[in-house]
Amino acid sequence: MKIFYTILAYLLVIIISYLIGSISFSKLISSHYGVDISKVGSGNAGGTNVGRNVSKKAGILTMFLDMMKCFIAALTTFLIFNYLIAYMDIVNYDQFFEVICFIAALSCSIGHIYPIFSHFKGGKAVACLAGYTLFISPIMFLLGLIIFFTLFKVFRKVSICSILGSFFCFLLSLIPMILDFTVIKDKNIFNGGTYFAQSCMIHLTYMTAISYFVFFIIIVIKHRSNIKRLINGEEPVTVFKK
């Protein structure tokens with residue numbers, strides 16, 4: 001029964017997280033302004049397209065809400081499984097919470113990209129990556145924002161910032177993992193890494209790096225058309241509508 005309950009719990013996480021991700025805030029917000037976001041601009045149901053064709057404030061609000069739905073999916077999963085492990089007989093193992101929260105974030109991102117409520121036409125999961133990052137590591141989130149806005153200052157194109165930003169976050173996620181297996185493992189330094197992990201709020205596990213790599217691949221795939229335009233020099237500068 002332990003395996004059955006565990007599988008059932010995983011399925012519930014996947015379904016609930018997918019449904020949360022399927023809430024298309026871009027369409028809800030743009031429709032409030034009388035705009036069908038799927039029929040203007042790039043047709044992408046994301047914050048950037050809303051910012052370009054509705055307003056800057058609407059675009060920022062869309063990005064924030066898309067980010068928070070992934071954060072909420074991961075946080076809800078974390079809290080539920082804390083309860084299940086304490087009061088029910090389910091399988092527990094090393095990196096359990098990292099794995100289950102990543103599954104929740106990934107399911108939410110798939111819902112965001114292919115929303116069941118919007119004919120499976122959604123965004124590109126960049127905001128979802130931000131929400132997942134905010135959940136697993138506030139410091140990584142701040143570093144990611146700095147990287148993103150620095151790149152935007154240079155290139156003025158959200159597509160480049162999204163692709164390079166997700167890649168740099170993957171590289172950053174390798175640092176605590178490498179430290180954990182080398183210097184930080186020394187019992188004379190920060191008590192075997194415990195102090196480092198708690199003070200920096202970074203998950204020192206290989207699952208963090210794997211999850212970021214998966215998100216990077218998803219973002220690259222969803223930006224295929226942007227990459228082609230970048231190669232051909234046809235990608236427009238991102239300008240939000242006033």
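Without hydrogens or angle criteria, Lys157 side chain to Glu235 main chain gives a donor-acceptor distance under 3.5 Å. With hydrogens and angles ignored, the 3.5 Å screen pairs no side-chain donor or acceptor of Thr133 with any backbone N or O of Met140. Between the side chain of Thr62 and the main chain of Ala58, a donor-acceptor pair closer than 3.5 Å is present. When atom types are taken as modelled, the side chain of Thr76 and the backbone of Ala73 share no donor-acceptor pair closer than 3.5 angstrom.
The cluster map of Ile, Leu, Val, Met, Phe, Trp and Tyr, joined by side-chain heavy atoms under 4.5 Å apart, puts Phe64 and Val126 in the same cluster. Note: the hydrophobic cluster containing Phe96 also contains Phe135 (ILVMFWY, side chain heavy atoms under 4.5 Å, direct or indirect links). Residues Val154 and Val239 do not share a hydrophobic cluster, defined by chaining ILVMFWY side chains whose heavy atoms lie under 4.5 Å apart. Hydrophobic clustering (ILVMFWY, side-chain heavy atoms < 4.5 Å, transitive): Val40 and Val158 are in one cluster. Residues Met207 and Ile217 share a single hydrophobic cluster, defined by chaining ILVMFWY side chains whose heavy atoms lie under 4.5 Å apart.
Taken from CG in Asn44 to OG in Ser225, the straight-line distance is 8.5 Å, to the nearest 0.5 Å. Going from atom CD1 of Ile100 over to atom CD1 of Ile14 covers 7.5 Å, rounded to the nearest 0.5 Å. Leu164 CG to Thr150 OG1: the interatomic distance, rounded to the nearest 0.5 Å, is 12.0 Å. Here the SG atom belonging to Cys70 is positioned 9.5 Å from the CD1 atom belonging to Ile20, to the nearest 0.5 angstrom. In this structure, CD1 in Ile16 is found 11.0 Å from CG in Leu11, a value given to the nearest 0.5 Å. Atom-to-atom distance recorded for Leu129:CG and Ile219:CD1 is 4.5 Å, nearest 0.5 angstrom.
For the side-chain hydrogen bond (donor to acceptor under 3.5 Å, both in side chains) test, no residue two or more places apart in sequence or in another chain qualifies with Tyr18. For Ser166, there are no side-chain hydrogen bond (donor to acceptor under 3.5 Å, both in side chains) partners, not counting sequence neighbours. Scored by the salt bridge (Lys or Arg N to Asp or Glu O under 4.0 Å) test, Arg156 finds no partners at all (sequence neighbours excluded). By the salt bridge (Lys or Arg N to Asp or Glu O under 4.0 Å) test, Lys153 is found to be paired with no residue, residues two or more places apart in sequence or in another chain being considered. Applying the side-chain hydrogen bond (donor to acceptor under 3.5 Å, both in side chains) criterion to Thr48, with sequence neighbours excluded, gives no partner residue. Contacts of Lys27 classified as salt bridge (Lys or Arg N to Asp or Glu O under 4.0 Å), with partners at least two apart in sequence or in another chain: none. Legend: residues meeting side-chain hydrogen bond (donor to acceptor under 3.5 Å, both in side chains) with Ser55, ordered by chain and number and at least two apart, are absent.
Note on residues 61-84: pairs passing salt bridge (charged side-chain N to carboxylate O under 4.0 Å, His left out), not counting sequence neighbours, are Asp66-Lys69. Within the structure, ring pair (Phe, Tyr, Trp, His ring centres under 6.0 Å) contacts touching residues 101-125 (residues at least two apart or in different chains) do not occur. Annotation: ring pair (Phe, Tyr, Trp, His ring centres under 6.0 Å) contacts involving residues 21-55, sequence neighbours excluded, are absent. Applying the ring pair (Phe, Tyr, Trp, His ring centres under 6.0 Å) rule to pairs touching residues 208-237 yields Tyr132-Phe215, Phe167-Phe216, Phe170-Phe213, sequence neighbours excluded. Contacts classified as salt bridge (charged side-chain N to carboxylate O under 4.0 Å, His left out) and involving residues 37-59 (residues at least two apart or in different chains) are given here: Asp36-Lys39.
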Query raised in the report: side chain to side chain contact (heavy atoms under 4.5 Å, CB included) between Ser26 and Asn49: does it pass, once the steps are laid out?
Result: CA-CA 9 Å; Ser26 60; Asn49 200 34; over 6 Å; no

Query raised in the report: Ile160 and Ile163: side chain to side chain contact (heavy atoms under 4.5 Å, CB included), yes or no, with the steps?
Result: CA-CA 5 Å; Ile160 295 180; Ile163 296 168; over 6 Å; no

**Report entry** Stepwise side chain to side chain contact (heavy atoms under 4.5 Å, CB included) check, Leu172 with Ile147
**Finding:** CA-CA 11 Å; Leu172 287 173; Ile147 291 170; 3.6 Å; yes

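Across every non-hydrogen atom of Gly59 and Val50, the tightest pair is N-CG1, 3.7 Å. Ser173 and Ala209 get closest at one heavy-atom pair: OG-CA, 3.3 Å. Nearest heavy atoms, Leu84 versus Ala9: CD1-CB, 4.1 Å.
For the pair Ser162/Phe148, a side-chain contact is recorded, criterion being any heavy-atom separation below 4.5 Å from C-beta on. Using a 4.5 Å cut-off on side-chain heavy atoms (C-beta onward), Phe141 and Met67 make contact. Looking at Leu65 and Leu28, their side chains never come closer than 4.5 Å, going by heavy atoms from C-beta outward. Looking at heavy atoms from C-beta onward, Lys124 lies out of side-chain contact with Ile113 at the 4.5 angstrom threshold. Residues Ser107 and Ile103 have side chains in contact (heavy-atom distance under 4.5 Å, counting atoms from C-beta outward). Proximity of Leu230 to Ser159: side-chain heavy atoms (C-beta onward) are separated by under 4.5 Å at one or more points. Side-chain atoms of Val54 and Ile29, non-hydrogen and from C-beta on, never get closer than 4.5 Å to each other. Residues Val13 and Ile80 are not in side-chain contact: their nearest non-hydrogen atoms beyond the backbone lie 4.5 Å or more apart.
Counting non-hydrogen atoms of other residues, nucleotides and ligands closer than 6.0 Å to CD1 of Ile3 gives a total of 12 or fewer.
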